[in-house]
Amino acid sequence: MREANKIPKRSSEEVAASGIEGLDDILGGGFTLNRLYLVEGVPGSGKTTLALQFLLEGAQKSEPVLYVTLSETEEELRGVATSHGWSLDGITIRELMPTEQSLQPDDQYTMFHPSEVELSETTKTILSDVERIRPARVVFDSLSELRLLAGNPLRYRRQILALKQFFNGRQCTVMLLDDMTSVSHDLQVQSIAHGVIRLEQLYPEYGAERRRLIVMKYRGVRFRGGYHDYVIRRGGLEVFPRLVANEHGSPPTFASLSSGLNEVDKLLGGGLESGTSTLVLGAAGTGKSTLAIRFVASAAERGETAAIFAFDESRQTLLTRTDGLNINLRTHIESGRVIFRQVDPAEMSPGELAHAIRKEVEINNASIIVIDSLNGYLNAMPEERFLVVQLHELLSYLGQQGVVTILISAQPGLIGSAMSSPVDASYLADSVILMRYFEAVGEVRQAISVMKKRGGAHERTIREFWMDSQGIHVGEPLREFRGILTGVPTYGDAPPSERNTE
């Protein structure tokens, strides 16, 4: 790996791990020990879950840990833990919430403002617990209650400064949670904290909510900036660090991947080289996915691993179709040589998809990745203007890992040279294969051609392409036709007055 670009990972003696692998990767190993951090986010964004994972990580290391809650009861916290399959044994929970007696008229303060009495009592209880337990990790949930108890911004800021000063030198890593429910969100705590993490929720017009986080500040530490997608599942937060291709080195050797069909390999000048990306363009039904599957099956037959990420086709439909084409994909999937992942664009974020692809490459050593299709990938984007940027980073990463990537893009329409693509990714891909319908002798036929291939020669002819129960077939170059890409070609060298111009 390129050490100059990679986020340096610090040793366990320097940091307190968060208990979330992806977050630790973003932070360069975790939270710097004995500092105060702010985690802010709207209600439901996962702050409490993150905090519990942080404390559970400490408890597993036999560290004394303390959870101070001013907003949720201990019963509610244990309910959250149970939903994730956790036990909170080893975590001391201090519940500081208004009692039933505080609602009685006789217990209302008259000589002093409530904030002066309640804040003093709350602070005294917290400090007493810290002196008694001497925790290595402390979580305060949440600052909105502390802000209300303080009564005014000056007293609130002084209280936070006093807490920071109190923990200074006590060998304790502190996490403050803020639900951002105040009318005017101030930056006072952000300026005091050593590091700030913000959790955000996005609500697309269709599909599940999207969650992402950003490290807004981390003093003295190089971290991975920008937004990172995350999800909340049973077991806690799962964070998907933003993919940075420059952090990954290039493989030392390259090889050529054959399709198993001589004519297709001739069109491509020998096949697809490892570390390159290929875009297969065409109308629906022209055989784009089938061609990609032929490369996948060929790799599996050689003992390599391939992964298919399908947005548009279910596993059963794919297997039924390949069985009918005499492509033995079913056996390869059952043996684990071919990994099939059904992607629901309404549920999976682009960051999670990139993480899943990276996992197949780094853990399962996949040598070929198929994304079927870019249309589905486009629909997975909450903001379409970032699609090409993320796709470029993903293709750069796969190229540096020596992986053959096949992208499939369905074009609207059936016949004609003016067909367009939902996203122009042709300049990103190293090779472009174009598949078309054309009319000939009263039949609708299919044609295949290679429009582009970087770094090598390729055949520039247009060949007929068809599929039957025996598999995929590619014919000789269609030299007797002219205008095939228009969909309505002419035969031979007829003069312009006699050509079919319909």
Side-chain angles (χ1 to χ4, degrees), residues 255-272 274 278-343 360 364 366-373 404-410 414 431 433-438 440-441 443-450 458-459 461-478:
S256 182
L257 177 66
S258 170
S259 65
L261 300 171
N262 291 331
E263 292 80 4
V264 173
D265 290 344
K266 286 180 181 179
L267 276 171
L268 290 166
L272 299 177
S274 58
T278 300
L279 175 65
V280 185
L281 281 167
T286 50
K288 303 180 302 299
S289 299
T290 304
L291 179 64
I293 295 302
R294 181 61 262 174
F295 278 98
V296 167
S298 179
E301 289 164 5
R302 293 192 302 271
E304 301 175 20
T305 301
I308 304 168
F309 291 84
F311 289 84
D312 310 318
E313 190 172 21
S314 68
R315 170 173 169 165
Q316 187 56 48
T317 302
L318 176 63
L319 292 177
T320 300
R321 184 163 59 82
T322 53
D323 287 345
L325 292 170
N326 196 31
I327 300 176
N328 192 16
L329 187 67
R330 187 183 300 271
T331 300
H332 297 314
I333 289 180
E334 292 173 352
S335 68
R337 285 295 180 190
V338 175
I339 300 160
F340 182 86
R341 290 285 303 272
Q342 182 74 47
V343 180
E360 299 301 340
N364 295 321
S367 63
I368 177 170
I369 296 290
V370 175
I371 299 178
D372 185 7
S373 63
V404 172
T405 308
I406 300 179
L407 307 169
I408 296 172
S409 180
L414 294 176
S431 303
I433 299 175
L434 184 64
M435 308 193 74
R436 278 285 188 265
Y437 287 115
F438 71 98
V441 198
E443 295 181 357
V444 176
R445 300 183 180 181
Q446 292 145 266
I448 181 173
S449 58
V450 177
H458 65 90
E459 190 176 294
T461 61
I462 302 174
R463 293 173 178 259
E464 187 172 0
F465 178 96
W466 71 95
M467 300 170 287
D468 58 25
S469 60
Q470 299 303 312
I472 299 174
H473 305 277
V474 177
E476 294 298 318
L478 297 169

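These figures come from a predicted structure and were not determined experimentally. One-based numbering along the sequence shown.
For the pair L272/I406, a side-chain contact is recorded, criterion being any heavy-atom separation below 4.5 Å from C-beta on. Looking only at side-chain heavy atoms (C-beta outward), I433 and L268 come within less than 4.5 Å of each other. At least one side-chain heavy atom of L291 sits less than 4.5 Å from a side-chain heavy atom of I448. With contacts defined as side-chain heavy-atom distances shorter than 4.5 Å, the pair V264/I472 does not qualify.
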Show, in sequence, the C-alpha distance, side-chain angles and deciding distance for V296 and H332, and conclude whether the side chain to side chain contact (heavy atoms under 4.5 Å, CB included) test is met. CA-CA 9 Å; V296 167; H332 297 314; over 6 Å; no
Please assess Q446 against Y437 for the test side chain to side chain contact (heavy atoms under 4.5 Å, CB included), listing each intermediate value before the final yes or no. CA-CA 4 Å; Q446 292 145 266; Y437 287 115; 3.8 Å; yes
V404 and F295: side chain to side chain contact (heavy atoms under 4.5 Å, CB included), yes or no, with the steps? CA-CA 10 Å; V404 172; F295 278 98; over 6 Å; no
Assess the residue pair L319 and F340 against the criterion (side chain to side chain contact (heavy atoms under 4.5 Å, CB included)); give the C-alpha distance rounded to whole Å, side-chain angles, the decisive distance to 0.1 Å, and a yes or no. CA-CA 11 Å; L319 292 177; F340 182 86; over 6 Å; no
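Of all non-hydrogen atoms in H458 and L267, the two that sit nearest each other are CB-O, 3.3 Å. Between S289 and I408, the shortest heavy-atom distance links the atoms CA-CD1, 3.6 Å. Summarising the geometry of S298 relative to G260, their closest heavy-atom pair is OG-N, 3.9 Å, with the distance given to 0.1 Å. Counting all heavy atoms, side chain and backbone alike, T286 lies closest to A283 at OG1-O, 2.8 Å. Contact detail for E360 and F309: the closest heavy-atom pair is CG-CZ, 3.8 Å. Summarising the geometry of N326 relative to S469, their closest heavy-atom pair is CB-O, 3.3 Å, with the distance given to 0.1 Å.
When the side-chain hydrogen bond (donor to acceptor under 3.5 Å, both in side chains) test is applied to N328, the partners found at least two apart in sequence or on another chain are T331. Under the side-chain hydrogen bond (donor to acceptor under 3.5 Å, both in side chains) criterion, Q470 pairs with no residue, sequence neighbours left out. Residues satisfying the salt bridge (charged side-chain N to carboxylate O under 4.0 Å, His left out) criterion with R337, sequence neighbours excluded, are absent altogether.
A side-chain N or O of E459 and one of T461 form a donor-acceptor pair less than 3.5 Å apart. Defined by atom type and a distance below 3.5 Å, a donor-acceptor pair is present between the side-chain atoms of T290 and R321.
Between atom CG of residue L318 and atom CD1 of residue I293 there is a gap of 5.0 Å, rounded to the nearest 0.5 Å. If you take CZ on F465 and NE2 on H473, they are separated by 9.5 Å, rounding to the nearest 0.5 Å. Remark: F438 CZ to I462 CD1 distance equals 9.0 Å, nearest 0.5 Å. The line from CD1 of I369 to CG of L407 is 11.0 Å long, rounded to the nearest 0.5 Å. Atoms CG and CE, from L281 and M435 in turn, are 11.0 Å apart once rounded to the nearest 0.5 Å. Taking OG1 of T322 as the start and CZ of R294 as the end, the distance is 10.5 Å to the nearest 0.5 Å.
Listed by first and then second residue, the side chain to side chain donor-acceptor pair (under 3.5 Å) pairs that reach into residues 303-312 are R302-E304, E304-S367, D312-S373, sequence neighbours excluded. Screening residues 326-336 for salt bridge (charged side-chain N to carboxylate O under 4.0 Å, His left out) gives D323-R330 as the qualifying pairs, with residues at least two apart or on separate chains. Here salt bridge (charged side-chain N to carboxylate O under 4.0 Å, His left out) pairs that include residues 260-269, with residues two or more places apart or in two chains, number zero.
With hydrogens and angles ignored, the 3.5 Å screen pairs no side-chain donor or acceptor of T278 with any backbone N or O of S431.
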